[in-house]
2 protein chains.
Amino acid sequence: MNKEDFRNFISSKGLKITKKRDEIFDEVLNTKGHFDPEELYMRLKQKGSKVSRASIYRTIPLLVEIGLIEEVERVDKHAHYERVSADSHHDHMICMKCGKVIEFFSPTLEMLQDEICQRENFHKIRHSLEIFGLCKQCQ
Amino acid sequence: MNKEDFRNFISSKGLKITKKRDEIFDEVLNTKGHFDPEELYMRLKQKGSKVSRASIYRTIPLLVEIGLIEEVERVDKHAHYERVSADSHHDHMICMKCGKVIEFFSPTLEMLQDEICQRENFHKIRHSLEIFGLCKQCQ
DNA sequence: ATCAAATTTAAAATTAAACTCAATAAAAAT
DNA sequence: ATTTTTATTGAGTTTAATTTTAAATTTGAT
């Protein structure tokens with residue numbers, strides 16, 4: 001996934017390649033870990049970009065559609081996103097006390113899900129597993 | 001879980017047993033499947049109840065706390081709830097095309113999660129697994 | 001370069017959910 | 001049973017996130 005892919009995607013949808021979309025795409029590409037629209041907006045602001053929140057909110061669904069990011073947990077009442085790396089899907093444990101998010105991955109869990117979907121004739125595209133509880137420190 | 005349990009729970013919290021709380025509790029008890037606060041409000045309205053949305057929003061967290069309901073998927077941007085039946089926890093497959101929700105349960109999956117949490121010293125309280133994809137009909 | 005169509009911004013609108021507060025109802029005290 | 005205390009209620013206000021509007025600007029095709 002690079003800027004070329006993004007531009008091709010935008011064009012192929014009949015949309016226009018603009019400075020603002022590029023700026024947002026670049027910033028998301030450089031972002032590690034979780035973020036929410038407001039954080040993304042502030043980070044761009046600090047770098048001198050003049051994008052508005054509206055553009056952020058309008059571009060995020062495009063980034064989800066192209067598969068660069070995905071919506072992860074909604075701990076607070078707003079959406080959080082995260083870069084999708086084809087090779088590093090993981091799920092989340094969320095501490096209900098301190099809000100800490102622990103990432104984990106279990107191949108067995110993945111396979112098990114595939115089996116369950118096969119049984120139901122369901123074509124799995126993606127999944128989201130969130131385990132809520134208390135982290136080591138908060139118990 | 002019956003009205004007695006609910007009343008005891010309310011009392012034990014130092015709260016008061018009121019007509020409105022009873023009405024909301026009864027309605028939720030009689031509700032099968034998913035619902036959101038607005039649906040619950042409309043259903044009560046239709047039955048002649050004079051509850052306000054405020055009471056709905058104030059009572060739902062109590063029903064979650066007592067374990068009668070739990071928050072399930074957020075297909076739209078607002079919360080959806082569902083009755084918890086001690087003996088029938090399940091997860092969801094959600095069709096991205098037609099919106100159909102398929103419920104499933106896998107003891108193996110549950111155990112696997114417990115194991116993963118033990119490894120991480122995470123005290124699991126509840127979890128939510130949503131598999132998105134295409135149902136048999138929509139593939 | 002021209003121009004229609006898409007995109008932008010700032011501001012207003014919308015949405016779900018929480019809060020405020022005077023009136024009311026429930027529990028406790030008398 | 002009556003009074004007193006305290007919690008709950010509904011209507012409307014508020015908040016925070018997100019979406020839409022409308023006017024100005026930018027893009028891409030000609």
Side-chain angles (χ1 to χ4, degrees), chain A residues 3-4 6-28 34-45 47-66 69 71-81 99, chain B residues 3-4 6-28 34-45 47-66 69-81:
Chain A
K3 196 177 296 198
E4 259 328 276
F6 178 63
R7 292 182 162 217
N8 289 337
F9 167 74
I10 292 290
S11 293
S12 73
K13 292 208 73 178
L15 304 176
K16 290 174 176 174
I17 294 163
T18 67
K19 227 177 289 179
K20 302 307 163 67
R21 280 185 177 144
D22 269 1
E23 285 175 10
I24 295 170
F25 175 80
D26 287 344
E27 186 55 40
V28 169
H34 299 186
F35 67 92
D36 61 37
E38 184 65 16
E39 284 167 19
L40 183 54
Y41 172 69
M42 294 312 278
R43 219 173 300 129
L44 280 161
K45 266 269 147 120
K47 293 196 177 175
S49 171
K50 298 230 173 6
V51 284
S52 65
R53 284 187 181 81
S55 289
I56 303 273
Y57 279 109
R58 275 188 290 237
T59 303
I60 283 178
L62 293 174
L63 299 180
V64 171
E65 195 181 341
I66 198 182
I69 59 174
E71 187 178 325
V72 287
E73 91 283 353
R74 284 199 187 228
V75 179
D76 305 317
K77 75 192 86 182
H78 57 277
H80 287 241
Y81 299 88
Chain B
K3 195 177 297 201
E4 259 328 275
F6 178 63
R7 293 183 162 217
N8 289 338
F9 166 76
I10 292 290
S11 294
S12 74
K13 292 206 74 178
L15 304 176
K16 289 174 177 174
I17 294 163
T18 67
K19 228 177 288 180
K20 303 307 163 72
R21 281 185 177 142
D22 269 1
E23 285 174 10
I24 295 170
F25 175 80
D26 288 343
E27 186 55 41
V28 169
H34 299 185
F35 67 92
D36 62 37
E38 184 65 16
E39 284 168 18
L40 184 53
Y41 172 68
M42 294 312 278
R43 218 172 300 129
L44 280 161
K45 267 266 146 124
K47 294 198 176 173
S49 171
K50 297 228 173 6
V51 284
S52 65
R53 284 188 181 80
S55 290
I56 303 274
Y57 279 111
R58 277 187 288 233
T59 303
I60 283 178
L62 294 173
L63 299 179
V64 171
E65 194 180 343
I66 198 184
I69 59 174
E70 64 183 336
E71 188 179 325
V72 288
E73 92 284 353
R74 285 196 185 232
V75 180
D76 304 318
K77 74 194 89 180
H78 57 274
H80 287 241
Y81 299 88

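What's counted below: heavy atoms across the whole structure, side chains too, no hydrogens, waters or symmetry copies.
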*Check whether more than 12 heavy atoms from other residues, nucleotides or ligands sit under 6.0 Å from atom NZ of B:Lys3, and answer yes or no.*
yes
Nearest whole angstrom, please: distance from the [atom2] of [N] to the [atom1] of [X].
{"X": "A:His78", "N": "C:dA18", "atom1": "NE2", "atom2": "P", "value": "15 Å"}
{"X": "A:Leu44", "N": "C:dT8", "atom1": "CG", "atom2": "P", "value": "13 Å"}
{"X": "B:Arg58", "N": "D:dG10", "atom1": "CZ", "atom2": "C1'", "value": "8 Å"}
{"X": "A:Leu62", "N": "C:dA6", "atom1": "CG", "atom2": "P", "value": "14 Å"}
{"X": "A:Lys50", "N": "D:dT25", "atom1": "NZ", "atom2": "P", "value": "15 Å"}
{"X": "B:Glu23", "N": "D:dT8", "atom1": "CD", "atom2": "P", "value": "16 Å"}
{"X": "A:Leu40", "N": "D:dT18", "atom1": "CG", "atom2": "P", "value": "12 Å"}
{"X": "A:Ile60", "N": "D:dT19", "atom1": "CD1", "atom2": "P", "value": "9 Å"}

*Look at the side-chain N and O atoms of A:Tyr57 and state whether any lies under 4.0 Å from the OP1 or OP2 oxygen of D:dT18.*
yes
*Using only side-chain N and O atoms of A:Thr18, determine if any of them is under 4.0 Å from OP1 or OP2 of C:dT8.*
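For C:dT8, OP1 or OP2 has a side-chain N or O of A:Thr18 closer than 4.0 Å.
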*Does B:Asn8 offer a backbone N or O that forms a donor-acceptor pair with the side chain of B:Ser11 under 3.5 Å?*
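Answer holds: no.
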*Take A:Leu15 and A:Leu62 through the test side-chain contact (heavy atoms from CB on, under 4.5 Å) and record every step on the way to the result.*
CA-CA 11 Å; A:Leu15 304 176; A:Leu62 293 174; 3.9 Å; yes
*Hey, which sits more toward the 5' end of DNA chain D by its nearest nucleotide, B:Ile56 or A:Lys19?*
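First, find each residue's nearest nucleotide; the 5'-ward one identifies B:Ile56.
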_B:Lys20 (side chain) and D:dT8 (base): donor-acceptor pair under 3.5 Å_ =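 A donor-acceptor contact between them is absent.
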*Return yes if the base of C:dA25 and the side-chain atoms of B:Lys16 contain a donor-acceptor N/O pair under 3.5 Å, otherwise no.*
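Answer is no: no donor-acceptor pair is held.
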*Given that B:Ile17 and B:Ala54 both sit by DNA chain C, which one's nearest nucleotide is further toward the 5' end?*
B:Ala54
*Residue whose nearest DNA chain C nucleotide is more 5′ - B:Leu15 or B:Glu38*: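 It is B:Glu38, whose closest nucleotide lies nearer the 5' terminus.
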_Side chain of A:Pro37, heavy atoms from C-beta onward: which of D:dT18, C:dT7, C:dT20 has the nearest atom to it?_
D:dT18
*State which residue, out of B:Leu44, B:Val51, B:Ile56, fulfils the side chain to side chain contact (heavy atoms under 4.5 Å, CB included) condition with B:Glu27.*
B:Leu44
*Looking at A:Glu39, A:Arg43, A:Glu38, A:Lys45, which hits side-chain hydrogen bond (donor to acceptor under 3.5 Å, both in side chains) with A:Tyr41?*
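That would be A:Lys45.
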_Any carboxylate oxygen within less than 4.0 angstrom of a Lys/Arg side-chain nitrogen, looking at B:Lys47 and B:Glu23?_
no
*Between A:Ala79 and A:Pro37, which heavy-atom pair has the shortest distance, and what is it?*
O-CD, 3.6 Å
Output one line per pair: protein atom, nucleotide atom from nucleotides 22-24 of chain C, and distance, for all N/O pairs under 3.5 Å.
none

*Would you classify B:Arg53 as touching base, sugar-phosphate or nothing, given that sugar-phosphate means primed atoms plus P, OP1 and OP2, and contacts are heavy atoms under 4.0 Å?*
nothing
